[in-house]
Each structure stands twice: as C-alpha cells, then as structure tokens.
Amino acid sequence: MQFDKAGNIMSYERKKTELYQELGLQARDLRFQHLVSINSRNRRIILRMEFLKAVITQDYLLILDYRNLNLEQWLFRELAPQLAGEGQLVTYSLPFEFRALEAVLQHRISTLQGRLQFLQPHILETLEALVDPKLLSIDRSKLHILLQSGKSLSELETDIKVFKEAILEILDEDELIEELCLSKHTDPPVVEENTSRIDHAEEMELLLENYYRQAEDLANAARELRMLIDDSESIIFINLDSHRNVMMRLNLQLTMGTFSLSLFGLIGVAFGMNLESSFEEDPQVFWLVTGIMFLGSGLIWRRLLSFLGRHLEPSMPPPVPSLLKRTYPLSGRVETKNGHKVESFASNRSFMMNK
C-alpha cells in the first residue's frame, strides 16, 4: 500500500525481485531480520516495527505485507491524513520523510501505550484482591490471572526496551541521523531553500529524542507496575506466614492443654487400678480427686501459656532512619486525551525553535 504526499492511497502487488529493482535496494535490505529496526539504504528509510514493515522515500510511504495485521483503521483513517499534514502531527515546514517517520513511530508508541493501559487495571484489581489481609487463603484463579498478566508485562517491557535501543542506536551516530534526512540529497537549489530556515539533522534528532522520551516514560510506568507486583507478592507471603503462625500457635496451645490433662490424669489412673484402699468408702474423695486433677491441669496449662507468650512474643523492629526510607520520585506525565497521548513532535519542535 503506497501513500503519497497528498495522502492518496494506491494498493498493488509486486514480486520481491520487482520491488527490489523499483526501490533500488538489494535483497538483503528487505529481509527484516530484527523485530524493531530503523535503517537507511540508498536514500530509502527501511522500518520494521514488529509486524509493521515500511519503506520511506522522498515522495511516498510504502507499507509492505499489511494484510491480516488489523491495520485497516490506522491506514485509512489516521495515516493518510497525517501524511497530508492534517490531524495532530502537523509538521508543514518539514519534508515528507519526517511526517512519514513520525506517523510510524507514533503508531508504535500508541500500540505500546494501549497494551500498558490494558494490563494496568487488570493487574491492580488482581493485586487488590490478593493483598486483602482478611483472606485466610489465596484464590488460585487470581494467582493464575496475575501470572498471565506478569508474563504479558514482561513481554511489554522487552518490546519497549527494543524500541528504545533502536532509536538510541541512531541518536548515538550523527552519520545515521544525516542518512535519515533524505531531502538533503536532493538538488542543490532545493537544499539551500530548505536548509536556509531549518537544520534537517537537528530536527531529525529532536524527533527521535521525543519518541525516545515517550518510550522512556512507558518503560518507567511498566517498571513501577513490576515493582508493585513484587511488593504485593511480599505482602501476600507475609499474610500467609501470619496465618500459618496463628495455626501453629493454636496447635501448640492445644498440645500444652493435652499435656496438662495427661499429667494430672495419672491420679485418676492410680485410683482406677483394681487395688483396695480406704478411700473407696468415702463419697467425698471422688469429687476431691477430680477437682484436684482439673485445677492442677488448669494451673499447669496457664503456666505453660504464660511461658509461651513471654518467650515467643515478637520483638519490636528497630526504628528505620528517615534517610533509609524509600522514596518514589514523581515521574513526568504526558498529557492524555481520550486515553491516548497527544504530545507530538511538532509541539516540541516549535517550543525548541521559540526557545
């Protein structure tokens, strides 16, 4: 699918060999060996954002193998107006490759942000149900949901990291930034007219830094969510240990009570033997011996309980210095609209130029 500067769309099929010759590229240039990559070959920008494959020239944007990717809404409703200079991504004074590159990067950032916004409420709801101290047992279904959400969060963190590394690799090399500025290689009069007001290399660097910063914000949000999961797991283990200690303490108390009854039950065993003594004739002896047994058992049990409470009482933790307490710095937030980021490179670029 081909998009030109005016936003016109044209779809066609080409064999790979014909496409190589038409674009002036080699076969190895369109192999797309990496999940996320931004390369420049023969005055062409070759992009791969996971499943999205694109080639940018000075005059058009080419989307490859776009079928079965569920990209119809983005391709027809968002991409074409953005390339024509409409919508939120407005960069009229910049060449076409800037608009095309920004549109693809914005789509990638929106996809990552949508995945994070989908995972965050599910994880928070699950953690809130698991951390409840009133629960005596853990719901296995909630643990399964938390496990699946944790795996999805790990995949998201990996995708954000790969996206950041792809942009950082270009930002570290000035030559790569120059190669992305395709309009600098046009006719000299056009170059002089464009560069008289705008430094393309500087604008390209600002564009990449803008999306690198947005990816960094997403990485920080995912990292905070991961730390929240780890902290919640510690709380869950603490609650389980607390309930386990209560059951062990109760078991120990019952064991002490059984020991006390068994100790003074020896008196009843002695009187229960088939031996004659002078106490059988006295009717008060039975109640006296029974009272002594229960009273002695109660006193021994209470003594053992006091010993248990005195030696097994948890000690007070030492005071934590204020300097060692954990602090959570406030991270910068990007202004959102309808659940999506609306910060664009054009606003940052105009701010830098005014500055």
- Task: Give the intermediate values and the outcome of side-chain contact (heavy atoms from CB on, under 4.5 Å) for residues Phe163 and Leu105.
- Result: CA-CA 10 Å; Phe163 180 74; Leu105 294 179; 3.9 Å; yes

- Message: If you compare all heavy atoms of Ile160 against all heavy atoms of Ala215, which two are closest, and at what distance to 0.1 Å?
- Response: CG2-O, 3.4 Å

- Item | Ionic contact status for Glu216 with Lys164, cut-off 4.0 Å | yes

- What is the distance from atom CZ of Arg99 to atom CG of Leu207, rounded to the nearest 0.5 Å? 12.5 Å

- Item | Cluster overlap Leu153 with Leu147, hydrophobic side-chain contacts below 4.5 Å | no

- Message: For Arg302, I'd like to know if atom CZ has over 12 heavy atoms of other residues, nucleotides or ligands within 6.0 Å.
- Response: no

- Message: Does Gln253, at its CD atom, have more than 12 non-hydrogen atoms belonging to other residues, nucleotides or ligands within less than 6.0 Å?
- Response: yes

- Task: Mind listing the closest non-hydrogen atom pair of Leu208 and Ile167 along with its distance?
- Result: O-CG2, 3.5 Å

- Query: Does Phe118 have any ring-ring contact (aromatic ring centres under 6.0 Å, His included) partners at least two apart in sequence or in another chain, and if so, which?
  - Reply: His122

- How long is the span from the OG atom in Ser37 to the CD1 atom in Ile170, to the nearest 0.5 Å? 9.0 Å

- Query: When rounded to the nearest 0.5 angstrom, what is the spacing between CG in Asn42 and CG in Leu182?
  - Reply: 10.5 Å

- For Met248 and Leu252, run side-chain contact (heavy atoms from CB on, under 4.5 Å): C-alpha distance rounded to whole Å, both residues' side-chain angles, the deciding distance at 0.1 Å, then the answer. CA-CA 6 Å; Met248 293 176 61; Leu252 185 59; over 6 Å; no

- Message: For Glu157 versus Ala222, what's the shortest heavy-atom pair and its separation?
- Response: OE2-O, 3.4 Å

- Task: Can you measure from CE (Met293) to CG (Leu295) and round to the nearest 0.5 angstrom?
- Result: 12.0 Å

- Query: Any side-chain heavy atom of Leu112 within less than 4.5 Å of one from Leu116?
  - Reply: no

- Identify the heavy atoms of Leu75 and Phe3 that sit nearest to each other, and give their distance. O-CE2, 3.5 Å

- Check whether any side-chain heavy atom of Leu124 lies under 4.5 Å from a side-chain heavy atom of Leu225, and answer yes or no. yes

- Message: Do Val104 and Leu168 sit in one hydrophobic cluster, given that two such residues count as connected whenever their side-chain heavy atoms are within less than 4.5 Å of each other, even indirectly?
- Response: yes

- Item | Interatomic distance, Arg41 atom CZ to Ile46 atom CD1 [nearest 0.5 angstrom] | 6.0 Å

- Item | 4.5 Å side-chain heavy-atom contact, Arg115 and Glu155 | yes

- Query: Got a donor-acceptor contact below 3.5 angstrom from the Ser232 side chain to the Leu127 backbone?
  - Reply: no

- Task: Decide whether Leu299 and Ile292 are clustered together by the hydrophobic rule: side chain heavy atoms of Ile, Leu, Val, Met, Phe, Trp, Tyr closer than 4.5 Å, transitively.
- Result: no

- Note on the structure: Correct closest heavy-atom pair for Leu62 and Tyr12 would be CD1-OH, 3.3 Å

- Geometric class of the Phe98/His200 ring pair [parallel <30°, tilted 30-60°, perpendicular >60°]: perpendicular

- Message: According to a hydrophobic-cluster definition based on side-chain heavy atoms being under 4.5 Å apart (Ile, Leu, Val, Met, Phe, Trp, Tyr only), do Val246 and Leu254 belong together?
- Response: no

- Query: Can you get from Phe294 to Phe259 by hopping between Ile, Leu, Val, Met, Phe, Trp and Tyr side chains that sit under 4.5 Å apart?
  - Reply: no

- Using atom types as modelled and distance alone, determine if a side-chain donor or acceptor of Arg44 lies under 3.5 Å from a backbone N or O of Leu23. yes

- Measure the shortest side-chain to side-chain distance between Arg213 and Glu209 over non-hydrogen atoms and say whether it is less than 4.5 angstrom. no

- Message: Looking at Glu175, I want to see if its CD is surrounded by more than 12 non-hydrogen atoms of other residues, nucleotides or ligands under 6.0 Å.
- Response: no

- Message: Do Arg303 and Ser306 have side chains that approach each other closer than 4.5 Å (heavy atoms only, starting at C-beta)?
- Response: yes

- Check step by step if side-chain contact (heavy atoms from CB on, under 4.5 Å) holds for Val36 and Arg108. CA-CA 10 Å; Val36 176; Arg108 181 59 178 170; 4.2 Å; yes

- Message: Any heavy-atom pair between the side chains of Asn39 and Arg48 that's under 4.5 Å?
- Response: no

- Item | Sub-4.5 Å side-chain heavy-atom contact between Leu47 and Ile56 | yes

- Item | Neighbour count above 12 (heavy atom, 6.0 Å) for Gln148 CD | yes

- Heavy atoms from other residues, nucleotides or ligands near CD of Glu173 exceed 12 (cutoff 6.0 Å): no

- Task: Would you check, one step at a time, whether the test side-chain contact (heavy atoms from CB on, under 4.5 Å) holds for Leu61 with Leu79?
- Result: CA-CA 10 Å; Leu61 167 65; Leu79 180 58; 3.9 Å; yes

- Message: Rounded at 0.5 Å granularity, tell me how far CE in Met49 sits from NE2 in His107.
- Response: 11.0 Å

- Query: So, for Ser149 and Leu119, which heavy atoms are closest and what is the spacing to 0.1 Å?
  - Reply: O-CD2, 4.4 Å

- Message: Contact between Asp59 and Asp4 at the side-chain level, heavy atoms closer than 4.5 Å - yes or no?
- Response: no

